[in-house]
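Just so you know, residue 1 is the first one in the sequence shown, and it goes up from there.
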Amino acid sequence: MTLTEVCAVLTVAIALLSLLVSVAKAAFDAGWKISHEKNDKSKKD
């Protein structure tokens, strides 16, 4: 493989990893918000 191909593969791999991290962060944030809303509602009652 040439240097250009290696750079292209690395770029694609980094892009996919960053997409995976952003999806995981969004899922974690959503779960965190839902769990804390439930805790806040139970404390108010």
key: Qualifying ring pair (Phe, Tyr, Trp, His ring centres under 6.0 Å) pairs, either residue in residues 5-27, two or more places apart   =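 Residue pairs passing ring pair (Phe, Tyr, Trp, His ring centres under 6.0 Å), neighbours aside: none found.
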inquiry  = Through direct or indirect side-chain contacts below 4.5 angstrom among Ile, Leu, Val, Met, Phe, Trp and Tyr, which residues connect to Leu10?
reply    =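 Met1, Val6, Val9, all in the cluster of Leu10.
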ask   = Hydrophobic cluster mates of Phe28, side-chain heavy atoms under 4.5 angstrom, ILVMFWY only, any path?
value =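 Other cluster members: Trp32.
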task = Only counting residues at least two apart or in another chain, list the ones meeting side-chain contact (heavy atoms from CB on, under 4.5 Å) with Thr2.
result =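 Per chain and number, Thr2 pairs via side-chain contact (heavy atoms from CB on, under 4.5 Å) with Thr4, Glu5.
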Is there any salt bridge (Lys or Arg N to Asp or Glu O under 4.0 Å) pair reaching into [range], and which pairs are they, with sequence neighbours excluded?
range: residues 6-29; value: Lys25-Asp29
range: residues 7-22; value: none
range: residues 9-24; value: none

For residues 11-18, run the donor-acceptor check on the side chains, cut-off 3.5 Å, and write out each pair with its distance to 0.1 Å, sequence neighbours left out.
from	atom 1	to	atom 2	distance (Å)
Thr11	OG1	Cys7	O	2.7
Ser18	OG	Ile14	O	3.3
Ser18	OG	Ala15	O	2.8

